[in-house]
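The next block holds one structure in the form of structure tokens; read it before the comments.
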Amino acid sequence: MPKPLSASFYARPTIEVARDLLGTVLIHRAPEGLAAGRIVETEAYLHDDPACHASRGPTPRNQAMFGPPGRSYIYLIYGMYHCFNVVTSPRGVGEAVLIRALEPLAGLPLMAARRKTDKPKALCSGPGKLVIALGLAKLPNGSDLRSGPVTILPPGSFPMAAGASPLGNIKVTTRIGITQAAQLPLRFYLEGNPFISRK
DNA sequence: AAACGGATGGGCT
DNA sequence: GCCCATCCGTTTG
């Protein structure tokens with residue numbers, strides 16, 4: 001069984017963490033079964049960045065972002081979906097990385113049942129989709145991603161699914177779906193990967 | 001292929 | 001009361 005990413009992995013500048021998370025494996029060992037996918041798309045949210053929930057100081061919703069790195073930050077968006085983030089940087093700064101897309105690796109039938117589709121490219125190709133596919137919506141905010149049922153494993157440490165695509169170069173673009181600070185180059189994805197949310 | 005609008009509810013000015 | 005770090009079905013070109 002591979003070891004989850006260390007606490008020191010997350011306690012680094014958020015842009016570095018966002019880039020280095022590409023190729024790692026997000027896994028949820030739920031009572032219903034295991035589901036896992038390779039992270040292929042991320043976005044960085046910085047403390048002085050108007051698009052970041054933490055940029056205007058702590059509130060009840062965003063308090064996990066000010067806690068220790070390597071914990072979850074999950075929030076409700078548009079009344080019906082959730083977004084899953086990993087808290088980064090030294091404790092108290094208020095930064096995180098949004099996980100935007102996964103390449104499904106394990107538990108595809110379970111993902112298909114949760115998502116109500118069995119098309120592999122539709123399972124995890126968006127932040128709301130992957131939360132549904134992995135069953136992350138009810139994970140408590142601030143969950144430790146080194147010890148809980150939801151963890152992130154280093155690249156290549158998980159048995160490669162048949163036909164899984166190779167890792168490409170990292171491409172950088174502006175972030176998706178935001179209005180504030182929309183010009184900042186803080187979205188990262190594996191170039192050519194068919195499982196990203198959009199080109 | 002792209003554009004559009006509806007669903008749906010908590011957070012914050 | 002307005003604003004969303006979204007998704008999906010429908011319409012339009």
Side-chain angles (χ1 to χ4, degrees), chain A residues 10 13-19 21-22 24 26 35 37 39-67 69 71-89 93-104 108 111-143 145 150 152 170-190 193-199:
Chain A
Y10 299 102
T14 299
I15 290 175
E16 282 182 34
V17 177
R19 298 179 68 103
L21 279 172
L22 296 176
T24 64
L26 177 61
I39 296 175
V40 297
E41 178 181 344
T42 62
E43 284 177 359
Y45 287 86
L46 310 178
H47 73 278
D48 57 351
D49 155 18
C52 177
H53 291 171
S55 66
R56 286 166 291 284
T59 67
R61 175 176 65 159
N62 67 18
Q63 74 175 54
M65 291 188 78
F66 293 93
R71 308 291 182 102
S72 63
Y73 170 53
I74 301 170
Y75 66 91
L76 177 69
I77 184 78
Y78 295 112
M80 32 180 11
Y81 298 103
H82 295 264
C83 288
F84 174 80
N85 299 252
V86 175
V87 178
T88 56
S89 70
V93 174
E95 302 194 343
V97 173
L98 170 68
I99 309 302
R100 282 199 57 89
L102 306 177
E103 175 175 345
L108 272 71
M111 292 186 193
R114 287 169 170 157
R115 285 277 298 122
K116 307 188 195 311
T117 175
D118 58 4
K119 305 174 82 168
K121 285 204 287 190
L123 292 176
C124 301
S125 55
K129 296 179 189 178
L130 70 90
V131 165
I132 296 170
L134 265 62
L136 303 178
K138 291 179 304 219
L139 182 73
N141 246 305
S143 294
L145 299 175
V150 177
I152 304 179
I170 296 178
K171 192 97 176 172
V172 185
T173 70
T174 55
R175 295 173 291 184
I176 292 179
I178 58 167
T179 53
Q180 305 273 327
Q183 78 290 352
L184 298 180
L186 294 175
R187 171 176 176 247
F188 308 92
Y189 65 88
L190 294 178
N193 190 285
F195 297 93
I196 62 174
S197 64
R198 50 178 277 210
K199 304 281 274 194

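Note that the structure is a prediction, hence the values are computed from the model and not measured. Chain letters run A, B, ... following the sequence lines, proteins first, then strands; residues in each count from 1. Just the heavy atoms: all of them, side chains too, but no hydrogens, waters or symmetry mates, feed the values below.
Judged by the 6.0 Å and 45° rule, R175(A) forms a cation-pi pair with Y45(A).
Listed pair H53(A) / dG11(B) fails the phosphate criterion, with no side-chain N or O lying under 4.0 Å from OP1 or OP2. Look at T59(A) and you won't find any side-chain N or O under 4.0 angstrom from OP1 or OP2 of dG11(B). Within the 4.0 Å cut-off from OP1 or OP2 of dC3(C), not a single side-chain nitrogen or oxygen of T179(A) is found.
Summarising the base pairing, dG1(C) is matched to dC12(B) through a Watson-Crick or G-U wobble pair whose two defining distances lie under 3.5 Å. When both distances must be under 3.5 Å, the Watson-Crick or G-U wobble mate of dT11(C) is dA2(B).
Looking at Y73(A) and N62(A), their side chains come closer than 4.5 Å, going by heavy atoms from C-beta outward. Residues F84(A) and L98(A) fail the side-chain proximity criterion, which asks for heavy atoms closer than 4.5 Å.
Separating the CG atom of N62(A) from the P atom of dA5(C) is a distance of 13 Å, rounded to the nearest angstrom. Distance Y73(A) OH to dG10(B) P: 15 Å, rounded to the nearest Å. Following rounding to the nearest Å, M80(A) (CE) and dT6(C) (P) show an atom-to-atom distance of 14 Å. Separating the CD1 atom of I99(A) from the P atom of dT6(C) is a distance of 14 Å, rounded to the nearest angstrom. Summarising the geometry, the separation between CZ on F84(A) and P on dA5(C) is reported as 18 Å, rounded to the nearest angstrom. Rounded to whole Å, the distance from NZ on K116(A) to P on dC7(C) is 16 Å. In this entry the distance linking CG of L46(A) with P of dA5(C) reads 15 Å, nearest Å. The distance between atom CG of N141(A) and atom P of dG11(B), rounded to the nearest whole Å, is 11 Å.
Side-chain atoms of K129(A) and S125(A) include a donor-acceptor pair closer than 3.5 Å.
At the heavy-atom level, G128(A) lies under 4.0 Å from the strands shown only through sugar-phosphate atoms. R175(A) comes within 4.0 angstrom of nothing in the nucleic acid, heavy atoms only. Residue contacts for R115(A): at a heavy-atom cut-off of 4.0 Å it reaches the sugar-phosphate backbone alone, with no base atom in range.
Aromatic stacking is marked for Y78(A) over dT6(C), as both cut-offs hold: 5.5 Å for the centres and 30° for the planes.
Among dA5(C), dC12(B), dT6(C), the nucleotide with an atom closest to any side-chain atom of Y75(A) is dA5(C). Comparing dT13(B), dG11(B), dC7(C) by their closest approach to the side chain of R56(A) singles out dT13(B). Residue K129(A) places its side chain closer to dC7(C) than to any other of dC7(C), dA5(C), dT13(B). Candidate nucleotides dG9(B), dA5(C), dC7(C) were compared by shortest atom distance to the side chain of L76(A), and dG9(B) ranks first.
With ring centers used as reference points, Y75(A) lies under 6.0 Å from H53(A).
Considering only residues two or more places apart in sequence or on other chains, R56(A) meets the side chain to side chain contact (heavy atoms under 4.5 Å, CB included) condition with none of them.
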